[in-house]
J.: 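Attaching a single structure in structure tokens format; questions to follow.
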2 protein chains.
Amino acid sequence: MPNSESLEISLHSESFIQHFGEMGSRWGINRTVGQICALLVVSEAPLNADQIGEALHISRSNVSMGLKELHSWNLLRAVAIAGDRKDYFTTPDDVLEMARTLIEERRKREIDPTLSMLRSVLLQEKQVGDDSYALQKMSEMHDLIELLVGWLNEMQTLKSQRLMKLLKLGSGVNKILDLTDRVSGRS
Amino acid sequence: MPNSESLEISLHSESFIQHFGEMGSRWGINRTVGQICALLVVSEAPLNADQIGEALHISRSNVSMGLKELHSWNLLRAVAIAGDRKDYFTTPDDVLEMARTLIEERRKREIDPTLSMLRSVLLQEKQVGDDSYALQKMSEMHDLIELLVGWLNEMQTLKSQRLMKLLKLGSGVNKILDLTDRVSGRS
DNA sequence: TCTAATTTTCAGTAATGTGTGAAATTTAGC
DNA sequence: GCTAAATTTCACACATTACTGAAAATTAGA
């Protein structure tokens with residue numbers, strides 16, 4: 001009922017949150033969203049909007065917008081706390097799960113639109129004029145992106161355990177590819 | 001000696017260039033840089049700064065800054081044209097090569113700094129106060145990023161042919177991982 | 001259904017990022 | 001080393017994005 005106690009942020013967490021703020025712009029989210037995300041990751045207990053605003057020294061309305069954005073990234077979990085009308089938030093516990101979500105969301109925002117554009121351009125009737133070189137390049141790009149997107153999707157279907165294994169394999173992939181060469185008889 | 005003829009841009013290329021401009025901000029480069037890159041990709045012949053500026057309707061100084069930025073992404077190739085003092089530019093021919101460069105550069109800008117930050121935080125003496133949960137999360141994140149970065153590096157060492165093969169393999173990776181399970185006897 | 005707590009929206013403002021022209025610098029040929 | 005072409009730098013103007021407080025909307029309990 002009284003205002004929730006204000007948060008203690010350790011110096012370690014402070015650096016972490018600060019960094020996520022600075023990197024936010026490079027990651028295509030803004031500073032505030034990066035900081036909110038970082039704060040929720042390192043907070044064991046879910047936080048309400050007032051606590052977030054106080055911890056980051058930002059206005060309540062800014063918190064609201066930031067949470068909305070974070071929600072659109074599928075990185076926000078709301079939890080109810082008995083006897084408290086406020087909404088409490090956290091991020092998924094599993095960092096690998098978060099990373100996978102992040103990659104999927106970035107794919108949607110950064111790659112899919114380009115794939116669509118290339119598809120529609122390549123489907124159009126050929127215009128007059130010599131743009132065969134340009135069309136060739138767009139076609140190459142389209143095929144590569146399609147391949148990459150398909151591969152990313154396949155990776156998303158792998159269970160975490162499998163994915164970790166693949167990551168740890170590293171250049172051992174080379175041996176595996178050799179193996180498939182021998183099995184299938186292709187180069 | 002006279003000004004080089006002005007460029008004809010096909011409608012297809014126009015869409016392509018426009019799209020790269022719009023996506024630029026999402027990709028962490030700006031509109032102009034995206035457009036210059038797109039223009040150079042679809043132009044068979046190398047272009048000089050004036051041609052670029054004219055094609056994109058931007059000032060000469062803006063072209064200069066854009067080229068500088070593109071250079072910092074390792075996506076620019078300068079070629080000399082006999083009998084012309086102007087510098088001519090193009091992008092690498094191979095789109096896969098460009099994609100690999102892009103991924104590497106984004107890793108440097110978007111992932112490496114975070115890895116460094118996490119390392120330095122985790123190396124610091126433990127502060128007083130209970131931030132063990134936060135440290136735990138940072139440690140998990142550090143390990144995951146390290147794994148991912150290592151894996152990306154391994155991929156960069158693969159020859160293009162090999163990389164394409166891996167991409168085409170898709171979730172066929174599952175079968176291969178099964179195979180290694182059986183061979184090595186691990187889960 | 002009413003009320004008070006909580007959250008969201010939005011118009012205005014602050015902050016950041018982008019583009020330009022003019023001036024400074026560099027470069028290649030003479 | 002001089003000169004003119006070419007390129008880069010930079011201060012300022014312009015555009016976009018982010019943040020705030022106030023007001024509107026929503027929600028949960030009485």
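Throughout, protein chains are lettered first and strands after them, A, B, ... in sequence-line order, and every chain is numbered starting at 1.
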J.: So which atom in B:Ser72 and which in B:Glu105 form the shortest heavy-atom distance, rounded to 0.1 Å?
T.: O-OE1, 3.6 Å
J.: Rounded to whole angstrom units, what separation is found between the NZ atom of B:Lys86 and the P atom of D:dA4?
T.: 17 Å
J.: Residues two or more places apart in sequence or in another chain: which of them pass side-chain contact (heavy atoms from CB on, under 4.5 Å) with A:Glu44?
T.: B:Tyr133
J.: My understanding is that only residues two or more places apart in sequence, or in another chain, count here; which of them pass ring pair (Phe, Tyr, Trp, His ring centres under 6.0 Å) with A:Phe16?
T.: A:Phe20
J.: Please work out which residues in residues 17-32 of chain A have a non-hydrogen atom less than 4.0 Å from an atom of DNA chain D and list them by number.
T.: A:Asn30, A:Arg31, A:Thr32
J.: So, using salt bridge (charged side-chain N to carboxylate O under 4.0 Å, His left out) as the criterion, who are the partners of B:Glu110 when residues are at least two apart?
T.: A:Arg106, B:Arg106
J.: Would you kindly give the CG-to-C1' distance between A:Asn48 and C:dT6, to the nearest whole Å?
T.: 10 Å
J.: Looking only at side-chain N and O atoms, does A:Ser13 offer a donor or acceptor that is under 3.5 Å from a partner on A:Ser10?
T.: yes
J.: Quickly work out the B:Tyr88 OH to D:dT7 C1' distance and round it to whole Å.
T.: 14 Å
J.: Tell me which pairs pass side-chain hydrogen bond (donor to acceptor under 3.5 Å, both in side chains) where either residue lies in residues 17-26 of chain B, with sequence neighbours left out.
T.: A:Thr114-B:His19
J.: Over how many whole Å does the gap from B:Asp50 atom CG to C:dG21 atom P extend?
T.: 13 Å
J.: For B:Ser43, give me all partners under side-chain contact (heavy atoms from CB on, under 4.5 Å), at least two apart in sequence or on another chain.
T.: B:Leu39, B:Leu47
J.: Write down the distance between CD1 (A:Ile36) and P (C:dT7), rounded to a whole number of angstrom.
T.: 13 Å
J.: I'd like to know if B:Arg100 pairs up with B:Glu104 as an ion pair, taking the criterion as any Lys NZ or Arg NE/NH1/NH2 lying under 4.0 Å from an Asp or Glu carboxylate oxygen.
T.: no
J.: Which pairs with one or both residues in residues 34-64 of chain A pass ring pair (Phe, Tyr, Trp, His ring centres under 6.0 Å), sequence neighbours excluded?
T.: none
J.: Quick test of your reading: applying side-chain hydrogen bond (donor to acceptor under 3.5 Å, both in side chains), list the pairs with at least one residue in residues 137-153 of chain B, sequence neighbours left out, ordered by first then second residue.
T.: B:Arg107-B:Asn153, B:Arg119-B:Glu146, B:Gln136-B:Glu140, B:Lys137-B:Glu140
J.: Under a 4.0 Å heavy-atom cut-off, which of residues 56-68 of chain A touch DNA chain D?
T.: A:Ile58, A:Ser59, A:Ser61, A:Asn62, A:Met65
J.: Can you sort out the partners of B:Asn62 under side-chain contact (heavy atoms from CB on, under 4.5 Å), two or more places apart, ordered by chain and number?
T.: B:Thr32, B:Ile58, B:Ser59, B:Met65
J.: Determine whether A:Arg77 and A:Leu40 satisfy the following criterion, side chain to side chain contact (heavy atoms under 4.5 Å, CB included), listing intermediate values before the conclusion.
T.: CA-CA 10 Å; A:Arg77 301 282 174 271; A:Leu40 293 179; over 6 Å; no
J.: Given axes from five pairs at either end, by how many degrees does the helix from C:dT1-D:dA30 to C:dC30-D:dG1 bend, rounded to 10°?
T.: 40°
J.: Quick check: closest heavy atoms across A:Ala55 and A:Ile9, and the distance to 0.1 Å?
T.: CB-CD1, 4.2 Å
J.: For A:Asp84 and C:dT7, what is the distance between atoms CG and C1' respectively, to the nearest whole Å?
T.: 14 Å
J.: Would you tabulate the pairs of protein nitrogen or oxygen atoms and nucleotide nitrogen or oxygen atoms of nucleotides 26-30 of chain D closer than 3.5 angstrom?
T.:
unit_1 : atom_1 : unit_2  : atom_2 : d
D:dT27 : O2     : A:Arg85 : NH2    : 2.9

J.: When the distance from NE2 of A:His71 to P of C:dT8 is rounded to whole Å, what number comes out?
T.: 10 Å
